[in-house]
Amino acid sequence: MTLLTANKATLSFGSRKIWDELSFAINRGEFLALIGANGTGKSTMLKAIIGTQQLDSGSFDLEPGASISYIPQHRTDDGYTPLKVKDLVRLGLDGHKPGFPWPSSSVRDKVTKALKAVQAEQLANESIGNLSGGEMQRVRVAQAMIGDPDLILADEPLSNLDLNQQLVISELFEEQRQKTGAAVLFVTHDVNPIIDYVDRVLYLAPGGYRIGSTEEVMQSEVLSELYGADIDVVRNQGRIVVIGTHDHAHHAGEDWV
Amino acid sequence: MPTLFDFSDYDRLIPLVTNSLIAGALLALVGGLIGVFVITRQLSFAVHGVSELSFAGAAIFLLIGLDVVLGSIVGSLTAALIIGTLGSRVQERNSLVAVIMPFGLGLGILALALYPGRAANKFGLLTGQIVTVDDPQVGWLIGISVTVLIAIGIFWRPLVFASLDGSVAVARGVKVDLIGWLFMILLGLVVAAAVQIIGALLVLSLLVTPAAAALRLSSSQIWVPVMSISFAMVSVVGGILLALGGGLPISPYVTTISFLFYLIARLLTSKRFGIINVGGR
């Protein structure tokens, strides 16, 4: 069942063409990894889906009535936000509803549970401004999941996290979609932490895009063709390493020869 | 020379300023409340622009013989809608406000210069009036206050969401642009009310200073507005009562008390001397 359809989405920034008639669909409950070089519009795609980025032509069509949670990319210049962690998480639950957020025990339980899931329950009463990058990322994940959305748009939710936390958070996305049937659109530089959960990969490159299973897309020939240059995709103990373009500086185990 | 404090005739003076006290308390309530959102939405400077155009509107209406409060509202709503429409980004907004502000001030001064009435009352709109709040003005203030309180009460959560976490709020279905417009209208109304009491030049002391002090002391969704309203209340009501004893304009008392709240809040939260750590900066 299709949840989101990209319908010939076309976008340029000045003379730079970002996408040319990009079309694909995400089904309910699907885990889609969005990978690609810098400047290929990964974050922009999430903004276009929520509607803060206008397209030149084409559209992203969401199933009517479907709810979205968005995890923005972490910025260090976010500045001072006078809000406690528990209140930020709660916004994901009922921030769109009218009225004052009166304290209630059922809400408090949900917030505590969501924070526990990301190993951040001890941060509940902390001000947002006091969090480290990694703590903020985890709080963002809790905020996104607490509302049980139909679609989770996550912009590099693993950045700033250590390896163990990357695995915990990745697993959480998988649990959430199994529990609620949520679809996940997951922007990442490195497919490895989520490689066991991903149904398909959408790979964006300056010269086009490719969508398919990890096995189909993460191939030397496919990426070489996308980049118009020699790219080696190496598989080792279930991990995938891409070698040959400096756009993949974040890939673990990259070899600079 | 007038004395700063003289309370010998206090029991006879209080009944004369009942209207001012009611107006001041209402203003402190809505001003302290909306101030919290003014700061979180980064609209502090915009308030100044709105208040100058509010002054211009009041002065023009005075000149052409219409209701001054209505003119004040027309002026501030015009400014609020211009800023709300054209200044969605902070940088754009700042220059826009800086362009609008002197224009509004000039327009207002022109209207006052052409006004044939007594000069003594003219600058009340800029620097505030002592005890001259009349019944119709109180009526306006009550109407504005009730409107603003109800609107903020209804839109509290989406307003907080849109103000502090805009893109996530958009994704969740909050009409962030609509909320922004609505807020500018509410702000315009409150500014128009404040201009009547403490004057266009000093509106910030009520709409920004108390909230700024409260936001230094807490990040609680309940305590920040409660403190902000309390600081504003003490500043205005205290300012009126003190002004009564001294026979000086109310404004310096209000601005000084509200400034003291901010000063104390900064000292309490300073990294070196402070005893409260809310964090974030």
Side-chain angles (χ1 to χ4, degrees), chain A residues 43 46-53 62 65-73 75 78-103 107 123 125-131 136 139-140 143-144 146-147 149-155 185, chain B residues 33 35-42 88-90 149-179 182 211-228 265 269 276-281:
Chain A
S43 299
L46 302 193
K47 288 176 187 158
I49 293 169
I50 64 176
T52 56
Q53 172 67 53
L62 187 71
S67 59
I68 301 180
S69 279
Y70 172 50
I71 302 177
Q73 199 168 10
R75 296 193 309 270
D78 269 353
Y80 172 62
T81 302
L83 204 59
K84 290 184 188 298
V85 165
K86 60 181 181 187
D87 296 327
L88 184 83
V89 173
R90 179 175 177 171
L91 285 175
L93 181 70
D94 60 11
H96 58 295
K97 293 179 184 164
F100 187 83
W102 299 109
V107 168
L123 299 175
N125 286 302
E126 200 62 63
S127 293
I128 296 296
N130 287 343
L131 302 188
M136 188 63 194
V139 169
R140 281 284 184 205
Q143 183 197 30
I146 193 172
D150 298 307
L151 174 61
I152 302 173
L153 305 174
D155 200 349
L185 182 52
Chain B
L33 180 62
V36 176
F37 295 102
V38 166
I39 294 183
T40 54
R41 297 182 67 80
Q42 303 189 39
S88 54
R89 286 214 302 257
V90 178
L149 287 179
I150 290 176
I152 290 187
I154 292 173
F155 289 100
W156 188 286
R157 275 186 292 202
L159 183 57
V160 168
F161 208 171
S163 304
L164 295 176
D165 204 3
S167 58
V168 178
V170 170
R172 204 76 179 85
V174 175
K175 303 275 177 252
V176 169
D177 291 344
L178 197 67
I179 297 261
L182 181 84
L215 281 164
R216 288 211 64 91
L217 295 170
S218 173
S219 58
S220 153
Q221 285 221 78
I222 292 172
W223 288 112
V224 168
V226 166
M227 280 196 286
S228 177
T269 55
I276 298 172
N277 178 22
V278 180
R281 271 203 229 255

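For clarity, every value in this text was computed on a predicted model and none was experimentally measured. In what follows, chains are A, B, ... by sequence order, proteins preceding strands, each numbered from 1.
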Residue among [options] with most heavy-atom pairs under 4.5 Å to chain B:
options                               : value
A:Ile50, A:Leu91, A:Leu153            : A:Leu91
A:Thr52, A:Leu131, A:Leu83, A:Leu88   : A:Leu83
A:Gly147, A:Pro101, A:Pro149, A:Gly92 : A:Pro101
A:Lys84, A:Lys86, A:Arg90             : A:Lys84

Least distance between heavy atoms, B:Pro158 atom then A:Pro98 atom =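 Heavy-atom minimum between the residues: CD-CA, 4.2 Å.
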task = Could you tell me which non-hydrogen atom of A:Gly99 sits nearest to which non-hydrogen atom of B:Trp156, and how far apart they are?
result =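 Shortest heavy-atom separation between A:Gly99 and B:Trp156 comes out as O-CB, 3.5 Å.
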request  = Please answer whether the main-chain N or O of A:His96 pairs with a side-chain N or O of B:Arg157 as donor and acceptor at a distance below 3.5 Å.
outcome  =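 The answer is no, because no donor-acceptor pair under 3.5 Å joins these two groups.
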Electrostatic pair B:Arg172:A:Asp94 at N-O distance under 4.0 angstrom =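 Between A:Asp94 and B:Arg172 there is no salt bridge, as every charged N stays at least 4.0 Å from the carboxylate O atoms.
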request  = Could you check which of B:Val170, B:Ile39, B:Asp165, B:Thr40 has the highest count of heavy-atom pairs closer than 4.5 Å to chain A?
outcome  =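 Among B:Val170, B:Ile39, B:Asp165, B:Thr40, the one with the most close pairs to chain A is B:Asp165.
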ask   = Looking at B:Ser220, B:Ser167, B:Gly173, B:Gly153, which one has more heavy-atom pairs under 4.5 Å with chain A than the rest?
value =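 Answer, by heavy-atom pair count under 4.5 Å with chain A: B:Ser167.
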query = A:Pro82 and side chain to side chain contact (heavy atoms under 4.5 Å, CB included): which partner among B:Leu215, B:Val224, B:Val36?
reply =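 Result: among B:Leu215, B:Val224, B:Val36, B:Leu215 is the only option passing the side chain to side chain contact (heavy atoms under 4.5 Å, CB included) with A:Pro82.
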task = Measure the spacing between CG of A:Asp87 and CG of B:Leu164 and express it to the nearest 0.5 Å.
result =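 It is 10.0 Å, given to the nearest 0.5 Å.
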request  = Please look at A:Ile152 and chain B and tell me whether the side chain, the backbone, both or neither of the residue comes under 4.5 angstrom of a heavy atom of that chain.
outcome  =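 No part of it gets close to chain B.
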